[in-house]
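Structure, as structure tokens:
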Amino acid sequence: MARLISFSLVFFSFLILFSASIASAQLSSNFYATSCPNVLSTIKSTVTTAVSKELRMGASLVRMHFHDCFVNGCDGSVLLDDTSSFTGEKTAGPNLNSLRGFDVIDTIKSNVEAICKQTVSCADIVAVAARDSVVALGGPSWTVQLGRRDSTTASLSTANSDLPSPTSDLSTLISAFSKKGLSTTDMVTLSGAHTIGQARCTVFRTRVYNESNIDPSFAKSLQSNCPSSGGDGNLAPLDLSTPNTFDNFYYKNLVNKKGVLHSDQQLFNGGSTNSQVNSYTSNSATFFTDFAAAMVKMGNISPLTGSNGEIRTNCRKTN
């Protein structure tokens, strides 16, 4: 009997420890409540200032969070600069001469370090900055789950292989999101972030010159700033209707064959996602609710927690 009681106590202790380890691996909304109570207001004020100076920055910071999470999870790896002995993700095809906002993250990190030294991760800063950017441009808010830690590595090859391309077809998009634990519904919802931001001529040239499922006058208007050769860096709003407002016009554009990217128009091209696009055109509140939930879900992709990773003091390099 004594041995049985002893075994039971040991087993019970194991369960407590196991449960604790599971709990420690979860993100929480109040992670910095004691260690850095003013972190959220500090991040928000910095983001609001940056977006007011350049409205496009809001979209850039949302995109950074997406590009971070899709490469080995939301771990701040996208922020790491190359060194003589280390190649990061910034020169990957989807990021090179395209991903931006690193200077804003640097400013936020500096402001946060001033109030709470080596406490708040760069990965969490990126996640919160994405939410605050959406809010600054008129979109929904959500409670960001916190407690991510920063990676000490990055993956150029994974950035090249796992980030969806603007030339992707619907099946490829569905597969890329599914690989990250995100549903087709999540994919259509998160694509709605293209209601803000701009695209370079080089990524939509083929669509506006060669594709048939595009409004002819819309194609012509895009061609005026995107010649058939040259002008690769010329920009066009992803949502020509309300380019700097987070709303549901992205979906209305798709229904009218005015998606800028090939991958955008794939969401409304006679396939399985047509009905969801249609529903969002008539109900922006549903889109906002779904977008907030999908962003939380995306932010939960494989975070480093507990004793994994580190809290970088400089987001561009490991400690």
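Note: hydrogens, waters and symmetry copies are ignored here, and every other heavy atom, side chains too, is used.
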Let me confirm one number: the CD1-NE2 distance from I125 to H65, rounded to the nearest 0.5 Å.
13.0 Å
Step-by-step side-chain contact (heavy atoms from CB on, under 4.5 Å) determination, D124 to V39:
CA-CA 10 Å; D124 275 349; V39 63; over 6 Å; no
Steps toward side-chain contact (heavy atoms from CB on, under 4.5 Å) verdict (T281, F268):
CA-CA 12 Å; T281 64; F268 194 84; over 6 Å; no
Please check if V296 and F31 belong to a single hydrophobic cluster, counting links between Ile, Leu, Val, Met, Phe, Trp and Tyr side chain heavy atoms closer than 4.5 Å.
yes
Closest non-hydrogen atom pair, V47 against S133
CG1-OG, 3.6 Å
May I ask whether V277 and F249 are part of the same hydrophobic cluster, defined by side-chain heavy atoms of I, L, V, M, F, W, Y residues being less than 4.5 angstrom apart, directly or through others?
no
With heavy-atom distances below 4.5 Å as the criterion, would you say the side chains of M64 and L79 are in contact?
yes
Could you pull out all residues at least two apart from T318 that satisfy side chain to side chain contact (heavy atoms under 4.5 Å, CB included)?
L80, T152, E310
From C36 atom SG to I115 atom CD1, the distance as rounded to the nearest 0.5 Å
4.0 Å
Does the side-chain hydrogen bond (donor to acceptor under 3.5 Å, both in side chains) test come out yes or no for D247 and T242, once each step is laid out?
CA-CA 8 Å; D247 54 26; T242 54; 2.6 Å; yes
So, D215 side chain and K258 main chain: donor-acceptor pair closer than 3.5 Å or not?
no
Judged by atom type as modelled, is there a donor-acceptor pair below 3.5 Å linking the side chain of D150 to the main-chain atoms of C122?
yes
Between CD1 on residue I43 and CD1 on residue I108, distance to nearest 0.5 Å:
6.0 Å
If you round to the nearest 0.5 Å, how far is OG1 of T158 from CG of N72?
4.5 Å
Within the distance-only criterion (no hydrogens, no angle test), does the side chain of S121 pair as donor or acceptor with the backbone N or O of R148 below 3.5 angstrom?
yes
Side chains of D186 and S183: donor-acceptor distance under 3.5 Å anywhere?
yes
Salt bridge D232-R205, side-chain N to carboxylate O under 4.0 Å
yes
Backbone of K117 reached by a side-chain donor or acceptor of T119 within 3.5 Å:
yes
Taking 4.0 angstrom as the limit, do K44 and D132 come out as a salt bridge?
no
Is it true that N253 and D239 share a donor-acceptor pair across their side chains at a distance under 3.5 Å?
yes
Pairing of K90 and D81 as salt bridge, 4.0 angstrom limit:
yes
Let me have the donor-acceptor pairs involving side chains of residues 168-176, under 3.5 Å, with sequence neighbours excluded, atom names and distances please.
residue, atom, partner, partner atom, Å
S168, OG, S165, N, 3.1
S168, OG, S165, O, 2.9
D169, OD1, H262, NE2, 2.6

Rounded at 0.5 Å granularity, tell me how far CG in N283 sits from CG in N278.
12.5 Å
With distance as the sole criterion, is a donor-acceptor pair present between the side chains of N213 and R207 under 3.5 Å?
yes
Hey, can you tell me if F246 and F287 have their rings parallel, tilted or perpendicular (30° and 60° cut-offs)?
parallel
Any side-chain to backbone donor/acceptor pair from Q118 onto R312? Under 3.5 Å, distance only.
no
For Q276, does its backbone N or O pair with a side-chain atom of S279 as donor and acceptor, under 3.5 Å?
yes
Only counting residues at least two apart or in another chain, list the ones meeting side chain to side chain contact (heavy atoms under 4.5 Å, CB included) with R63.
H67, S98, L99
If you apply the rule side-chain contact (heavy atoms from CB on, under 4.5 Å), what do you find for V126 with I105, and how did you get there?
CA-CA 7 Å; V126 169; I105 298 299; 4.1 Å; yes
In one Ile/Leu/Val/Met/Phe/Trp/Tyr side-chain cluster, 4.5 Å: L304, Y32
no
If you group Ile, Leu, Val, Met, Phe, Trp and Tyr by side-chain heavy-atom gaps below 4.5 Å, do L240 and F204 land in one group?
yes
Is there side-chain contact between C315 and F102, with at least one heavy-atom pair below 4.5 Å?
no
How far apart are the closest heavy atoms of G58 and I196, and which atoms are they?
C-CD1, 4.4 Å
Pairing residues for F177 by the side chain to side chain contact (heavy atoms under 4.5 Å, CB included) criterion, not counting sequence neighbours
F66, F70, P164, L182, M187, L190
Shortest non-hydrogen contact from I214 to A219?
CD1-CB, 3.9 Å
Any donor-acceptor pair under 3.5 Å from N234 side chain to N225 backbone
yes
Of N248, T189, T286, which meets side-chain hydrogen bond (donor to acceptor under 3.5 Å, both in side chains) against Y280?
T189
Residues which pass side chain to side chain contact (heavy atoms under 4.5 Å, CB included) with S224, listed by chain and number, not counting sequence neighbours:
none
Side chains of Y251 and S284: is there a donor and an acceptor less than 3.5 Å apart?
no
When you look at NZ of K257, are more than 12 heavy atoms from neighbouring residues, nucleotides or ligands closer to it than 6.0 Å?
no
On a heavy-atom basis, which atom in G88 and which in A154 lie closest, and how many Å separate them?
CA-CB, 3.9 Å
Taking N319 for the side chain and I311 for the main chain, is one N or O donor matched with an acceptor at less than 3.5 Å?
yes
Going through the checks in order, is the side-chain contact (heavy atoms from CB on, under 4.5 Å) test met by Q198 and R56?
CA-CA 7 Å; Q198 301 186 51; R56 184 188 174 202; 3.7 Å; yes
Taking the side chain as everything from C-beta on, heavy atoms only, tell me whether D75 gets closer than 4.5 Å to S302.
no
Which atom names give the shortest non-hydrogen contact between A130 and L61, and what distance separates them?
CB-O, 4.0 Å
If hydrophobic clusters are built by linking Ile, Leu, Val, Met, Phe, Trp and Tyr wherever their side-chain heavy atoms come under 4.5 Å apart, do Y209 and V260 end up in the same one?
yes
Between A123 and G76, which heavy-atom pair has the shortest distance, and what is it?
CB-N, 3.6 Å
Enumerate the side-chain hydrogen bond (donor to acceptor under 3.5 Å, both in side chains) contacts for residues 99-115, please, sequence neighbours excluded, ordered by first and then second residue.
T46-N111, E54-R100, S60-R100, D106-R316, K109-E113
Between R149 (side chain) and G306 (backbone), is there a donor-acceptor pair under 3.5 Å?
yes
Report yes or no: does T195 contribute a side-chain atom to a donor-acceptor pair with the main-chain N or O of G192 at less than 3.5 Å?
no
Between atom CG of L235 and atom SG of C201, what is the distance when rounded to the nearest 0.5 Å?
9.5 Å
For S155 and S157, which I'm curious about, is there any donor-acceptor pair between the side chains at under 3.5 Å?
yes
